[in-house]
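Basis for what follows: all heavy atoms, side chains included, without hydrogens, waters or symmetry-related copies.
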Amino acid sequence: MTVCEFFTIFIGGAKALDKESGAFAMLTGKTDIASARTNVPCDFKTEIAINEKRKKEMKKIRNLPHIGLRMIKSAVAVELCYLISFLRGNTGILFYSQLATLWCIQMYPTNSRQNAAQRLIGTVIGAVYGLLFLLVKGTLPFSGRIAGVLESIVISFMIIPVLYTTIVMKKKQASYFSCVVFLSIVVNHAKDVNPYLFVWNRFLDTLIGIVVGISVNCFSLPREKRKDILFISGLDDTLLDGSETLSDYSKVELNRMLDEGANFTLSTMRTPASLLEPMRDIRLKLPVIAMDGAVLYDIGEKMYLKTYVISAVMSRKILQLIHAQGLTCFANVIMDDLLVIYYDEPEDVIQKKLIQKLRTSPYRNYVKRPLPETECVVYFMMLYPEETIEQMYHLLEKNGITRELKVLKYDSDDYPGYAYLKIYNKNATKENMIGYLKQMLHLEKTMTFGTIPGRYDEMVEPGDVNQVVHTLKRKYEPIKWFGRI
């Protein structure tokens, strides 16, 4: 091993931080890291910087949108329209078939069928009124410029019955297509040698495109649905990207699998409030494990199904230790399935910013008053400069709190130089809550996704926001020809 490789591994290892559980995995103290960086020769610093830059570039490349199945299906459907047109002797208008088929290639089969119905109904209504206009036009006794003016007036006012028909039939979504088909007949093809043939071909071409689009969109290889497995994923650095959003691919595929019955849920250090905001577009059906295993929350029913809390007596003891140091904290309490956060007026500017940022959420209830003596606490949270948190941790350790309860400390990503300290019930672990959820769902097998090597069944590269859904798709619905996982 070269000296440069040694420094690279040393510094990279020292920065290893378990963001998912909040527990430190520091190989050296922060001062040691800064010292190591200072003492590294310039050549080594340069190489380390180059390596970090390469990692960032690879991460950007990895997170580029993939060529999705919908794109491939769209290309296949367009080619099938070409083939059908060729078999028909190119008698129809291929363009209309291809438009219809692309309209029917949607993210979900249900949307595909709805769009197909809209397109077909709109085509029929527009074609009928177009045919009616051609019949009326043939009886008009005018010619020349007068006939042209009269036709424009008739065509313009026939838009009204076209739209009205869609309203009477309660098919407002088909209004646009009805007008498009009607105008394509009466404006572009009214002077054809045989305009009636165009009306027929217009309808038939659209119907062909719809059939091709639905067929291609609904086609899939025979797959087995593994509903005997409980799939559990982390959230930060696994499903979410740096801006706390899911990729479009993950949204579409995850919702599809959830709709088909996949037993998928989340396990995160976040509160349900913090969890719901980035996951609002995901149709989660199973309860989620939140607050690092302290609660099991049913999103649909808005209920806490299981909680591990700190007793009222122990809560008072913790508060006394905190207040004795002239510090404050946030006490998270569940009251009638509502998360209530008690806090004292903070003097620290960063704490004030945190409150201003979080209290705007409709899922959180901040109460500026002392914690009632009879309340049990789900967890305490403190946010202070790193030195203060370190001192507080040692104080808790000295008083035996770290032996009786679960105490975590970790640096803040949002507020540099600050750190969090959180105190939970000793039994508040993800493993315990997963066991409870398995019993509730009568499932024996589990598969977990996370970023910590050796802790999860499926290791996720931090920042690869599509990897969880890619792997879930492969594990949940394997192709039957290849057997079970």
Would you compute the distance between atom [atom1] of [X] and atom [atom2] of [Y] and round it to the nearest 0.5 angstrom?
{"X": "T238", "Y": "N466", "atom1": "OG1", "atom2": "CG", "result": "12.0 Å"}
{"X": "H394", "Y": "M392", "atom1": "NE2", "atom2": "CE", "result": "12.0 Å"}
{"X": "L254", "Y": "I282", "atom1": "CG", "atom2": "CD1", "result": "5.0 Å"}
{"X": "L239", "Y": "M279", "atom1": "CG", "atom2": "CE", "result": "5.5 Å"}
{"X": "I289", "Y": "L235", "atom1": "CD1", "atom2": "CG", "result": "13.0 Å"}
{"X": "D457", "Y": "F231", "atom1": "CG", "atom2": "CZ", "result": "10.0 Å"}

Would you check if the side chain of [X] reaches a backbone N or O of [Y] as a donor-acceptor pair within less than 3.5 Å?
{"X": "T307", "Y": "V309", "value": "no"}
{"X": "N432", "Y": "A428", "value": "no"}
{"X": "K438", "Y": "E444", "value": "yes"}
{"X": "R119", "Y": "F177", "value": "no"}
{"X": "D205", "Y": "S97", "value": "no"}

Please give me the minimum heavy-atom distance between [X] and [Y], naming the atom from each residue.
{"X": "T101", "Y": "A77", "answer": "OG1-CB, 3.4 Å"}
{"X": "D414", "Y": "P416", "answer": "O-CD, 3.5 Å"}
{"X": "A174", "Y": "Q118", "answer": "CB-O, 3.5 Å"}
{"X": "L408", "Y": "M269", "answer": "CD1-CE, 3.7 Å"}
{"X": "K317", "Y": "I401", "answer": "CE-CD1, 4.0 Å"}
{"X": "E375", "Y": "L371", "answer": "CB-CD1, 3.9 Å"}

Before giving the answer on side chain to side chain contact (heavy atoms under 4.5 Å, CB included), spell out for K353 and V349 the whole-Å C-alpha distance, their side-chain angles and the decisive distance to 0.1 Å.
CA-CA 6 Å; K353 287 183 178 180; V349 176; 4.1 Å; yes
Which is it for D292 and Y379 under the side chain to side chain contact (heavy atoms under 4.5 Å, CB included) test, yes or no, and what are the steps along the way?
CA-CA 10 Å; D292 205 34; Y379 78 96; over 6 Å; no
Side chains of [X] and [Y], heavy atoms from C-beta outward: is any pair under 4.5 Å?
{"X": "L319", "Y": "F380", "answer": "yes"}
{"X": "I229", "Y": "K475", "answer": "no"}
{"X": "L321", "Y": "N399", "answer": "yes"}
{"X": "I355", "Y": "P346", "answer": "yes"}
{"X": "I125", "Y": "M169", "answer": "yes"}
{"X": "Q467", "Y": "F449", "answer": "no"}
{"X": "M257", "Y": "V469", "answer": "yes"}
{"X": "I210", "Y": "T123", "answer": "no"}

Counting only heavy atoms from other residues, nucleotides and ligands, does the tally under 6.0 Å from NZ of K171 exceed 12?
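Atom NZ in K171 is not crowded, with 12 or fewer foreign heavy atoms closer than 6.0 Å.
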CD/E345: more than 12 non-hydrogen atoms of other groups inside 6.0 Å
yes
Between [X] and [Y], does at least one N-O distance fall below 4.0 Å, as a salt bridge requires?
{"X": "E386", "Y": "K409", "result": "no"}
{"X": "R256", "Y": "E477", "result": "yes"}
{"X": "E260", "Y": "K227", "result": "no"}

Under the side chain to side chain donor-acceptor pair (under 3.5 Å) test, residues paired with [X] that sit two or more places apart:
{"X": "Y418", "answer": "D348"}
{"X": "K473", "answer": "none"}
{"X": "T166", "answer": "S175"}

Does Y456 form a side chain to side chain contact (heavy atoms under 4.5 Å, CB included) with S233? I'd like the steps, not just the answer.
CA-CA 9 Å; Y456 298 94; S233 173; over 6 Å; no
Before you tell me yes or no, could you show the steps for S274 and T271 under side-chain hydrogen bond (donor to acceptor under 3.5 Å, both in side chains), namely the whole-Å CA-CA distance, both residues' side-chain angles and the distance that decides it to 0.1 Å?
CA-CA 5 Å; S274 180; T271 63; 4.9 Å; no
Given L443 and N263, is the side chain to side chain contact (heavy atoms under 4.5 Å, CB included) satisfied, shown in steps?
CA-CA 10 Å; L443 295 173; N263 292 311; 3.7 Å; yes
Test item: side-chain donor near acceptor, Y410 and K422, under 3.5 Å:
yes
Donor-acceptor contacts, no H, no angles, side chain residues 294-306, under 3.5 Å, sequence neighbours left out:
{"from": "D298", "atom 1": "OD1", "to": "G300", "atom 2": "N", "distance (Å)": "3.0"}
{"from": "D298", "atom 1": "OD1", "to": "E301", "atom 2": "N", "distance (Å)": "3.0"}

Y366 vs F330 aromatic rings, parallel, tilted or perpendicular, using cut-offs 30° and 60°?
perpendicular
Enumerate the residue pairs fulfilling side-chain hydrogen bond (donor to acceptor under 3.5 Å, both in side chains) with a member in residues 322-341, sequence neighbours excluded, ordered by first and then second residue.
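Sorted pair list: H323-D344, T328-Q351, T328-Y384.
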side-chain hydrogen bond (donor to acceptor under 3.5 Å, both in side chains) pairs, two or more places apart, involving residues 73-82:
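Every candidate side-chain hydrogen bond (donor to acceptor under 3.5 Å, both in side chains) pair involving residues 73-82 fails, so no pair, neighbours aside, qualifies.
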